[in-house]
Amino acid sequence: MEIPKTYEALKAEEKWYAHWMNRGYFHSQPDEREPFTIVIPPPNVTGVLHMGHMLNNTIQDVLVRRARMLGKNACWVPGTDHASIATEAKVVQKLRAEGIRKADLTRDEFLAHAFEWKDKHGGIILEQLKKLGASCDWERTSFTMDPAYSESVINVFIDLFNKGKIYRGERMVNWDPEALTAVSDEEVLHKEVNSKLFYVRYKIVGTDDEWLTIATTRPETILGDSAICINPTDVRFKQLHGKFAIVPISNRTIPIIQDDYVDVEFGTGCLKVTPAHDTNDYELGKRHNLETINIFNANGTLNSLGLHYEGQDRFEVRKAIEKELYDKGYLVKTEDHINKVGFSERTNAVIEPRLSLQWFVAMKDLSAPALDNVMNGNIKFHPDKFKNTYRHWMENVKDWCISRQLWWGHRIPAWYFGEGANDFVVAKTVEEAMDMASKKAGRTISSADLKQDEDVLDTWFSSWLWPISVFNGLTDPENKEIKYYYPTNDLVTAPEIIFFWVARMIIAGQEYMNEIPFKNVYFTGIVRDKLGRKMSKSLGNSPDPIELIEKFGADGVRVGILISSPAGNDLPFDTSQCEQGRNFTNKIWNAYRLVNAWEVKELDQPLSSKLAIEWFDAKFNKELAEINDLFEKFRISEALMAVYKLVWDDFCSWYLEMIKPGYEQPIDAKTMEATIVFFEKILKVIHPFTPFISEELWHFIRERKDGEDVMMENWPTIQAVDENIFSGFTLAEEIITNIRNIRKQGNIANKVKLDLFVKKNKEANLTFDPVVVKLGNLSSMEYVSDKISNANSFIVQGNEYFIPFGETVDIEAEKSKLLEELNYTKGFLKSVQGKLKNEKFVASAPDQVVAIERKKEADALEKIALLEAKMASFN
RNA sequence: GGGAGAUUAGCUCAGCUGGUUUAGAGCACCUGCCUUACAAGCAGGGGGUCACAGGUUCGAACCCUGUAUCUCCCACCA
């Protein structure tokens, strides 16, 4: 068959993806086979594919495709996450560009816009995954705000509330003044910032001119001060015990309290306490019954308690108040100071600790079994160093703030019927809420009297149910899908979300399924650029994956991104890796072109071909065992490298060269058939990594019936191997390399046939001599009893090899080469003998080890003798 | 501040229970080849004081101690 000179990746990709889809290969339903399940880490519904997704999803696809070939019922569930903050931010931005302000819209109007946006942009990323070759069961595509999914989320909220594990409380939360919502601890990024430490003096009440000086990084919060705190053991301030101070500018009188929280060493040893605006101060305030003075509005501007600064932004006020303090003589000095400031992961706004009423999940009891299941190995982490990180977090887990002041998401099913702290019920519907509220209040509460909580739930409060809810495990717990597919097998995700998501899925699994959600967690690294920077949109250093696919082919990109990315390690990515991947597909393509061009005839099989077949058969099985082992250990990139070398080095460079007929010569049928069979096995083992080209060639290499696709073939099984073959082959390989070297040094063209003479001094596995003759391009290979003079020579395994080529032998070059080898061998001998002379070594080392050393010694001595004899022959 | 991990060739990484020649791979590099499968290629080659300093051991890249550097995680130090 005529085939194109180069592999046309894009055409093949389109063709085969459509074919696989049409045949329904990606779809799974429960049957008698063993299930293999992966749930995709759902990307943001409005997200666009980036390199991190490429890495993550390529790995999942490799695992799924291999599992499918191993005969398992493979099911990869795709889907998207509503990603409340990120998506809402995008919608707000988009509306703003159209001149619409969120504040001018009703909740329903806004949600209509949001859903419109979602319908338009949602799922782009899933379409992009198809280009990568992802074999997801698209019929199962889920979304965390699908009706049934939402129902699960609400049910879980109600259930946990009824179990007393969800409570409402006033807490200091991380407030994002830009998004106007609370964010979780995990969504706050702490960065070191150069700031100033302001030393401000407060007058002590009842004195004319006595002052105390505090140090603060946030002078604007002075307006919210409720106390000054000193360490009770601090002798410097004994005289202040029980006294009061006057807050600059606002001129309020505040107490001087004592608490050993205060670090005597830091600043001045006097701490100003602002319970409304600092987590620690809040705790201090509670301990000492201090007034909480909130001077900020939700958007980070000052309120009326900010006096003449009302309406101004907190950072502007910081500058202004510095000046005012200075002008009025309160500012003693300022110092440069580096401190950590929290930034919102989503909006990059500086997080403001803010006191507010929020909903929380009590985590302590919930997390205990989830910790156990990782520590005892029921769930395995790859690499397992992440167990430490996990344990540390789980042992120090804090309550989870799950309310978000947003509209896009699952609305909290709490209904208020009065102003009191307890005047609310948690219910699935208004009707239920009316009943419950009426009972609770002891009077009839109508729907008009009820006000549903305005907030939505944290995105992770829905995604922690992902492995359960994609199979409707909560809304329909007895259904056969959840029973069949759950627990899932492998989860592939980034270490950044080990707490956000992985830990919480394990918790939810324990609580609702009483079982772990997955057995293995593979942590990928972060994709970085050549300079080691994280790839990001804002830096513009991330290549567009789709463009890469168009340039190098999906298979090329898959190989490129996997080729050097061990689990848990960051991946410094460069497009040259995709080039390497593309070259790999090209190599396989050309191997096929070679085989395809051969004309088959009924001929005798050359002995060299027979040997080649025996060798490759053994080699394939040996490497397959290795590849399987690497897969079991989740060493995916090493498995790929093993496949890569098997194809390139063993199959192409050695095997095909060994059996290749002469130019325009036919090949014998026996060898051809064996080669096709090998090629098929090769296509199977590369398929998880390079699905498209393997399918394309699978159909080229043999006539196929309907449904005979490599994707659905069985993974090769390992056959027993005769280890003896390898020693024969290794000898041949060494001889051939030496011959090639001599050709190179003597500038002898490959097509010039050479004569090889062998002086056999030792027994050796000579089986592969016919291969030596062929690949060495020898006219003869003859065993002789005497040395051949005036010849190029080399020594392999104690035997001497000669290639007469009188005129071009460069005696001096030959001598220096010999000398070099002699010196090396002598050095080697010395180190071996050093060991053997050591009586303690001989006495303590295992016999086997000593025997090996003795053998090394003997071999080295023998080689030295040969080399010296050769040297002598030159003189 | 606490914790975890890392440091092996120019780059990315293997190196398992300490012993299999004097440490391996891929890429990059150098040299020679456009040899009718493939220059997206072939053949050959160079390159490492295993971060440093001690220690344990007959024997250390591997175990122990310390030092340095890096990465990540956690933590409210004003």
Side-chain angles (χ1 to χ4, degrees), chain A residues 5-7 172 185 190 197 214-218 229 261-263 265-268 270-274 278-283 337 339-340 342 353 383 385-393 396 495-496 498-499 526 530 532 552 556 563-566 568-572 574 576-577 579-580 582-598 635 637-638 641-642 644-645 648 652-653 656-657 660 663-664 737 740-741 743-745 747 749-751 824-825 827-832 835 838-846 848-850 852-853 855-857 859-860:
Chain A
K5 197 162 180 304
T6 49
Y7 169 55
M172 202 56 118
D185 290 344
H190 292 273
L197 199 51
I214 58 94
T216 179
T217 52
R218 301 197 58 189
C229 190
Y261 162 73
V262 177
D263 180 351
E265 304 287 320
F266 189 89
T268 60
C270 292
L271 172 74
K272 72 183 205 60
V273 185
T274 321
D278 183 283
T279 331
N280 299 302
D281 291 11
Y282 176 68
E283 295 302 320
H337 179 67
N339 67 338
K340 291 232 174 149
K385 65 176 179 182
F386 287 108
K387 272 167 88 171
N388 290 326
T389 317
Y390 180 81
R391 184 183 59 211
H392 191 256
W393 191 76
N396 297 287
E496 298 145 72
I498 187 168
F499 309 128
I526 296 166
K530 269 192 283 192
F552 300 106
I563 197 82
S564 66
S565 66
N569 273 33
D570 284 1
L571 168 68
D574 189 74
S576 69
Q577 288 161 236
E579 215 173 305
Q580 190 186 351
R582 190 265 323 262
N583 294 355
F584 180 59
T585 58
N586 185 243
K587 184 73 187 177
I588 303 163
W589 181 259
N590 281 298
Y592 170 66
R593 287 213 305 138
L594 174 68
V595 173
N596 179 55
W598 291 333
R635 302 175 76 145
S637 62
E638 284 178 63
M641 186 49 75
Y644 181 95
K645 286 196 277 192
W648 201 305
C652 293
S653 295
L656 289 179
E657 292 298 330
K660 192 173 175 177
Y663 179 52
E664 292 196 328
T737 303
R740 284 171 176 166
N741 247 322
R743 281 183 188 276
K744 166 133 175 151
Q745 278 156 16
N747 222 353
N750 288 327
K751 46 188 156 193
Y824 175 88
T825 314
F828 173 66
L829 178 68
K830 206 175 150 193
S831 89
V832 173
K835 282 190 205 171
N838 184 334
E839 282 168 33
K840 284 186 181 166
F841 169 74
V842 180
S844 348
Q848 204 191 340
V849 174
V850 178
I852 287 166
E853 293 301 315
K855 170 113 181 12
K856 284 188 205 166
E857 184 188 31
D859 288 352

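Residue numbers begin at 1 in each chain, while the letters A, B, ... track the order of the sequences. The model shown is predicted, which means the values in this text are computed figures rather than measured ones. Values below: every heavy atom of this structure, side chains too, minus hydrogens, waters and symmetry copies.
- Residue-level contact check: A:Arg743 touches neither bases nor backbone, having no heavy atom under 4.0 Å from any strand.
- Straight-line distance between the C1' atoms of B:C33 and B:A51: roughly 41 Å, to the nearest whole Å.
- Here the nucleotide nearest the side chain of A:Thr217, chosen from B:A78, B:C42, B:G26, is B:A78.
- For A:Gln580 against B:A28, a side-chain-to-base donor-acceptor contact under 3.5 Å is absent.
- Counting heavy atoms from C-beta on, the side chains of A:Leu197 and A:Phe266 come closer than 4.5 Å.
- Between A:Arg740 and A:Asn583, the one whose closest nucleotide on RNA chain B sits nearer the 5' end is A:Asn583.
- In this structure, of B:C27, B:G5, B:C38, it is B:C27 that holds the atom nearest to the side chain of A:Tyr644.
- Comparing A:Lys272 and A:Lys840 by the nucleotide of RNA chain B that holds the closest heavy atom to each, the one mapping nearer the 5' end is A:Lys840.
- Across the protein-nucleic acid pair, A:Lys855 atom NZ and B:U20 atom P stand 15 Å apart, rounded to whole Å.
- Within 4.0 Å (heavy atoms only), A:Val262 reaches at least one base atom of the nucleic acid.
- Among the nucleotides B:G32, B:A78, B:G19, the one closest to the side chain of A:Leu271 is B:A78.
- Across B:G44, B:A37, B:C74, the shortest atom-to-atom separation from the side chain of A:Phe499 is found for B:C74.
- Counting non-hydrogen atoms under 4.0 angstrom, A:Glu657 reaches a base of the nucleic acid.
- B:C74 and B:C27 have their P atoms separated by 38 Å, given to the nearest Å.
- Side chains of A:Val849 and A:Phe841 form a contact here, defined as non-hydrogen atoms less than 4.5 Å apart.
- Rounded to a whole Å, the OH atom of A:Tyr592 is 12 Å from the C1' atom of B:A37.
- Using a 4.0 Å heavy-atom criterion, one finds that A:Pro846 contacts the bases of the nucleic acid, with or without backbone contacts as well.
- Judged by atom type and distance alone, A:Asn838 does not reach the base of B:C58 through any side-chain donor-acceptor pair under 3.5 Å.
- Taking CG of A:Asn596 as the start and CH2 of A:Trp598 as the end, the distance is 10.5 Å to the nearest 0.5 Å.
- By the 5.5 angstrom centroid cut-off and the 30-degree plane limit, A:Tyr824 is classified as stacked against the base of B:U22.
- Taking CG of A:Leu571 as the reference point, atom CD of A:Gln577 lies at 6.0 Å (rounded to 0.5 Å).
- Residues A:Cys229 and A:Tyr261 have side chains not in contact (no heavy-atom distance under 4.5 Å, counting atoms from C-beta outward).
- Note on A:Asp570: only backbone sugar-phosphate atoms sit closer than 4.0 angstrom, heavy atoms only; bases stay farther off.
- For A:Glu638, whose side chain is taken as the heavy atoms from C-beta onward, the closest listed nucleotide among B:C38, B:A40, B:A14 is B:A14.
- Pair assignment for B:A61 gives none, since no Watson-Crick or G-U wobble pairing has each distance under 3.5 Å.
- Within 4.0 Å of A:Asn388, counting heavy atoms only, lie sugar-phosphate atoms of the nucleic acid but no base atom.
- The nucleotide whose nearest atom lies closest to any side-chain atom of A:Thr389 is, among B:G15, B:C73, B:C38, B:C73.
- For B:C76, its base sits under 3.5 Å from the side chain of A:Tyr261 at one donor and acceptor pair at least.
- In this structure, A:Asn590 contributes its side chain and A:Asn586 its backbone to a donor-acceptor pair below 3.5 Å.
- Of the candidate nucleotides B:U36, B:C58, B:G15, B:U36 has the atom lying nearest to any side-chain atom of A:Tyr663.
- Judged by distance alone, with hydrogens and angles left aside, A:Lys856 brings no side-chain donor or acceptor close enough to the base of B:U20 to form a pair under 3.5 Å.
- Counting non-hydrogen atoms under 4.0 angstrom, A:Cys270 reaches nothing in the nucleic acid.
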